[in-house]
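Below is one structure, written out as structure tokens; comments come after it.
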Protein chains: 2
Amino acid sequence: LEESRVAEVEDLVEGLHEADTADLLESLGREERQLLMEIMGAGFDPEILPYLDETVREEIVEWLGPAGFAKLVQALDSDDAVELVQELDEDMRIRILAALPQAYRRVIEESLSYPEDSAGRLMQREIVAVPSVWTVGETIDYMRVTDSLPDDFYDIYIVDPRHHPVGFIPASRMMRSVRSVRLDQIMEEDMRVIPLDLDQEDVAHMFRQYDLISAPVVEKSGRLVGVITIDDVVDVIDEEAGDDLMKMGGVNEADFYDDVADTTKSRFTWLAVNLVTAVLASAVIGLFDATIEKVVALAVLMPIVASMGGNAGTQTLTVAVRSLAMKNLSEINASRFISKELIIGFINGGLFALLTGTVAWLWFGQPDLALVIAAAMIINMVVAGLCGALIPLGLEHFKVDPAVASSVFLTTVTDIIGFFAFLGLATFFLL
Amino acid sequence: LEESRVAEVEDLVEGLHEADTADLLESLGREERQLLMEIMGAGFDPEILPYLDETVREEIVEWLGPAGFAKLVQALDSDDAVELVQELDEDMRIRILAALPQAYRRVIEESLSYPEDSAGRLMQREIVAVPSVWTVGETIDYMRVTDSLPDDFYDIYIVDPRHHPVGFIPASRMMRSVRSVRLDQIMEEDMRVIPLDLDQEDVAHMFRQYDLISAPVVEKSGRLVGVITIDDVVDVIDEEAGDDLMKMGGVNEADFYDDVADTTKSRFTWLAVNLVTAVLASAVIGLFDATIEKVVALAVLMPIVASMGGNAGTQTLTVAVRSLAMKNLSEINASRFISKELIIGFINGGLFALLTGTVAWLWFGQPDLALVIAAAMIINMVVAGLCGALIPLGLEHFKVDPAVASSVFLTTVTDIIGFFAFLGLATFFLL
């Protein structure tokens, strides 16, 4: 593809949108990527950087060195620059900040002083704020002559003398109003204000809940300090929904772009936890080895009970994790959710007890074995429903992310209960 | 809470944003919900409807009847109305359309004629489109006097005489330009145009990829017919990310709000599929019952091999499903992904072979048993990595949603290979 046809590659890249160039860089292998970077050389557009995946970007930062990277960063909007800089590791971040001109560095450093994943980090400082006594005409004239405003904006904020936001006017409404109209006559007063330290997950929830396009960010005192726009929130929504999926699957969010060593390492941790729980479940089986020796059919059938419990529990767990993330489930309606899950566990448990019992009977011709597996199935599926609901609710209550740890706990419980109920009942009734 | 204090409840609801009222309705039980609806009565704000979950909304539709619901729908913007109507079942949809005034019905019916989940359904028909020869002043005057424009908009589209979009101007830029400037001097020509039949998932990808706020929708001929704005896309992004999570967990997207009967039924299907695969895995164990009878330790240890394979495979699967959804993984870089997963499977397989072998040795004091479980572990984890990558890629290739069916296939494979490798090797070497 790109051996020696440098000129062709140059032409190709030139015609691409920055986002597409970023995709191209991501889809290449490490060596090809460096080759392409060399070809692009000084023509490398800084706007490509925000679109790159973190891991790929780090590679490029290393390759460019702090000075080279700092030069590119300066060409970006402050919120994009903050996003890039905050994702670097401590050491590199300090070196890059040192390479930036002082005024620019101060802006970045102030943003970095807000807690990670807070509204302060997401917001843009450039904002259009005008007093309510102005007319539409005055405002438009002000906007025409003022250079420090953001390139594009959606809402104009109206502030009182203390610089507290009191309302907003969408740009399109401002444009359609007659010049002599006073702003307080057309402004929207029903406005959602975001505190500087609000978690980005809650920011996303507000945007989603109220269909916002942009929202003002205020300090504790109520002073307007910035604005968050929906494009930043889309990234957050994407990230968080994907994060939950990845966490439930036991992988790191950056897994796809991490190199083999990092991926192997991060997955190892999760699998090691799983090994401990699997050994625990095996220990439960070990308690009944004498029973199994006499009735081998038990060894054949026991994974069915555990597997059905695990799957039924995962269903409940998934619904709980998603509903908690979307703030549909909370402590108010938790008891309704739990009782619904218990009923479902009981009904489906009963149905699958019947099915599995029949299969076991036909297979081994032992009616008492069929009864034992049926009873174990009901027990395990009711427990699965209960734990699938209680575990994430409990983790959420103790401020632990329910997506990340729930499924280990859950399958440990369903394996142990599954094996214990089935083999225990068998020992009691079949021997 | 709300027994007789009707006036208090009325006051409370009045002060709420529509989205919050919707949440309140959702969080109540069926009877309380009806009570609240009765209290709100004629004061029920139609804007609440789009915020409601589908299942709750259906209940309200049934309760209001077609005529009552049609009356509320008319008060909404056309794209919101389409969204509500399309989610109803066939029968109710026809009755509600019949109850709408003819002009309004025609607009809704035309939108419904576009394929489900396509750009045509998402778009809004109200749009600001002006010729490029106009000046800023002419455009602003036009917008001031024209009533049929949308309430708020972000971009003004410039069209040629055939009504094909040739560029756009953000509202804020228009407002800041001098009245005498011609539109083609300030318009942005680098514009992403969305075909009417593009799938909503691809629409979302375009918005995300190019950080769009709104984008024009065109017919096959290139004529501008509507606009999609980011707030509609946020809903799509939310929906699709959540959908993948729910599908991988084996539950329906509406699970949380469905009643017990519907939830039980939809979960039953998934569990029934799982029962079949669990019985298949048991049949594999059944092949080796003579071996287990002689070495009971095998029954104790075999779930470890299967469980580790299942978890390692799920890790790969999760990354593949998410990367496919985000269009980071495609047939171009599939082979790199597969070989990465194979290497990881081999490394982690080797590490866990060592760990599990050691555990088995210490536990049962049989070095040959330890070797057998170690070998089975490597085999199963490499197969898990391979299948975790190949199954979703294969499903995607055949246009089947990889999120929905992958994990059944995967755990079937890892269970069967896990049991077969472990018990097969044991039969061969230990007897």
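Source: prediction; values computed, not measured. Naming convention: chains lettered A, B, ... in sequence-line order (proteins, then strands); numbering from 1 in each chain.
A:Phe288 does not touch chain B: none of its heavy atoms, backbone or side chain, sits under 4.5 Å away. For a residue to count as touching a neighbouring chain, one of its non-hydrogen atoms must lie under 4.5 Å from one of that chain's; by this rule A:Ser407 does not touch chain B. At a 4.5 Å heavy-atom cutoff, the contact between B:Met175 and chain A is made by backbone and side-chain atoms alike. With a 4.5 angstrom heavy-atom cutoff, A:Arg267 touches chain B via backbone and side-chain atoms both. Only the side chain of A:Met248 comes within contact range of chain B, judged by heavy atoms closer than 4.5 Å. Interface remark: A:Ser323 contributes side-chain atoms only to the contact with chain B (heavy atom separation under 4.5 Å). For a residue to count as touching a neighbouring chain, one of its non-hydrogen atoms must lie under 4.5 Å from one of that chain's; by this rule B:Phe352 touches chain A with the side chain only. When heavy atoms are compared at a cutoff of 4.5 Å, A:Ala325 does not approach chain B at all. For A:Glu18, no part sits under 4.5 Å from any heavy atom of chain B, backbone or side chain. For chain B, the nearby part of A:Val234 is the side chain; its heavy atoms alone come within less than 4.5 Å. Only the side chain of A:Phe419 has a heavy atom closer than 4.5 Å to any heavy atom of chain B. When heavy atoms are compared at a cutoff of 4.5 Å, A:Asp190 approaches chain B solely by way of its side chain, counted from C-beta outward. For A:Tyr51, the part sitting under 4.5 Å from any heavy atom of chain B is the side chain, from C-beta outward, and nothing else. At a 4.5 Å heavy-atom cutoff, the contact between A:Leu329 and chain B is made by backbone and side-chain atoms alike. Both the backbone and the side chain of A:Tyr210 come within contact range of chain B, judged by heavy atoms closer than 4.5 Å. Of the two parts of B:Thr146, only the backbone, made up of N, CA, C and O, holds a non-hydrogen atom closer than 4.5 Å to a non-hydrogen atom of chain A.
Ranked by heavy-atom pairs shorter than 4.5 Å toward chain B, the options A:Asp231, A:Val359, A:Val279, A:Asp244 are led by A:Val279. Contact count versus chain A (heavy atoms, under 4.5 Å) is highest, among B:Asn333, B:Ile213, B:Ile156, B:Asp211, for B:Ile213. Listed options B:Val251, B:Asn348, B:Asp235 were ranked by heavy-atom pairs under 4.5 angstrom with chain A; first place goes to B:Asn348. Most heavy-atom pairs under 4.5 Å with chain B: of the set A:Ala19, A:Ser330, A:Ala171, this distinction falls to A:Ala19. Across A:Ile344, A:Val233, A:Asp259, A:Val178, the residue that shares the most heavy-atom pairs under 4.5 angstrom with chain B is A:Ile344. Comparing B:Ala290, B:Ser172, B:Ser177 by heavy-atom pairs within less than 4.5 Å of chain A, the highest count is held by B:Ser172. Heavy-atom pairs under 4.5 Å with chain A peak, among B:Ala278, B:Ala22, B:Ser282, at B:Ser282. Most heavy-atom pairs under 4.5 Å with chain A, from the set B:Val319, B:Ile343, B:Asp255: that is B:Val319. Here A:Thr263 is the residue among A:Val284, A:Thr263, A:Thr139, A:Asp415 with the most heavy-atom pairs under 4.5 Å with chain B. Between chain B and the options A:Thr229, A:Thr316, A:Val145, the largest number of non-hydrogen pairs under 4.5 Å is found for A:Thr316. Most heavy-atom pairs under 4.5 Å with chain B, from the set A:Met326, A:Met381, A:Glu341: that is A:Glu341. For the options B:Asp152, B:Asp53, B:Asp289, B:Asp141, heavy-atom pairs under 4.5 Å to chain A are most numerous at B:Asp152.
Other residues, nucleotides and ligands place no more than 12 heavy atoms under 6.0 Å from the CZ atom of B:Phe346. Environment of NZ in A:Lys265: sparse, with no more than 12 heavy atoms of neighbouring residues, nucleotides or ligands closer than 6.0 Å.
Here CD1 of B:Ile237 is found 10.5 Å from CZ of A:Arg208. Values are rounded to the nearest 0.5 Å. A distance of 6.0 Å separates CZ in A:Phe256 from CZ in B:Phe337, rounded to the nearest 0.5 Å. Separation of atoms CG (B:Leu271) and CG (A:Leu351) is listed at 10.0 Å; rounding is to 0.5 Å.
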Test log, rule side-chain contact (heavy atoms from CB on, under 4.5 Å), inputs B:Asn328 and A:Tyr257: CA-CA 10 Å; B:Asn328 293 325; A:Tyr257 292 110; 3.1 Å; yes

When the side chains of residues 292-314 of chain B are checked against the rest of the protein, which donor-acceptor pairs come out under 3.5 Å, sequence neighbours left out?
{"residue": "B:Ser307", "atom": "OG", "partner": "A:Asn274", "partner atom": "ND2", "Å": "3.2"}
{"residue": "B:Asn311", "atom": "ND2", "partner": "A:Asn274", "partner atom": "OD1", "Å": "3.0"}
{"residue": "B:Asn311", "atom": "ND2", "partner": "B:Ser307", "partner atom": "O", "Å": "3.0"}
{"residue": "B:Thr314", "atom": "OG1", "partner": "B:Gly310", "partner atom": "O", "Å": "2.7"}

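No donor-acceptor pair closer than 3.5 Å links the side chain of B:Arg176 to the backbone N or O of A:Ile140.
Taking the six-membered ring where the residue is Trp, A:Tyr154 and B:Tyr154 present perpendicular rings, their angle passing 60° and hence far from 30°.
What you find for A:Gln315 and B:Trp270 is that their closest heavy atoms are NE2-CD1, 3.3 Å. When all heavy atoms are compared, the tightest approach of A:Lys340 to B:Val260 is CG-CG2, 3.8 Å.
Considering A:Thr318, A:Leu245, A:Val321 in turn, A:Thr318 is the only one that fulfils the side-chain contact (heavy atoms from CB on, under 4.5 Å) rule with B:Met246.
Applying the side-chain contact (heavy atoms from CB on, under 4.5 Å) test to B:Asp23 and every residue at least two apart in sequence or in another chain returns A:Gln209, B:Glu26.
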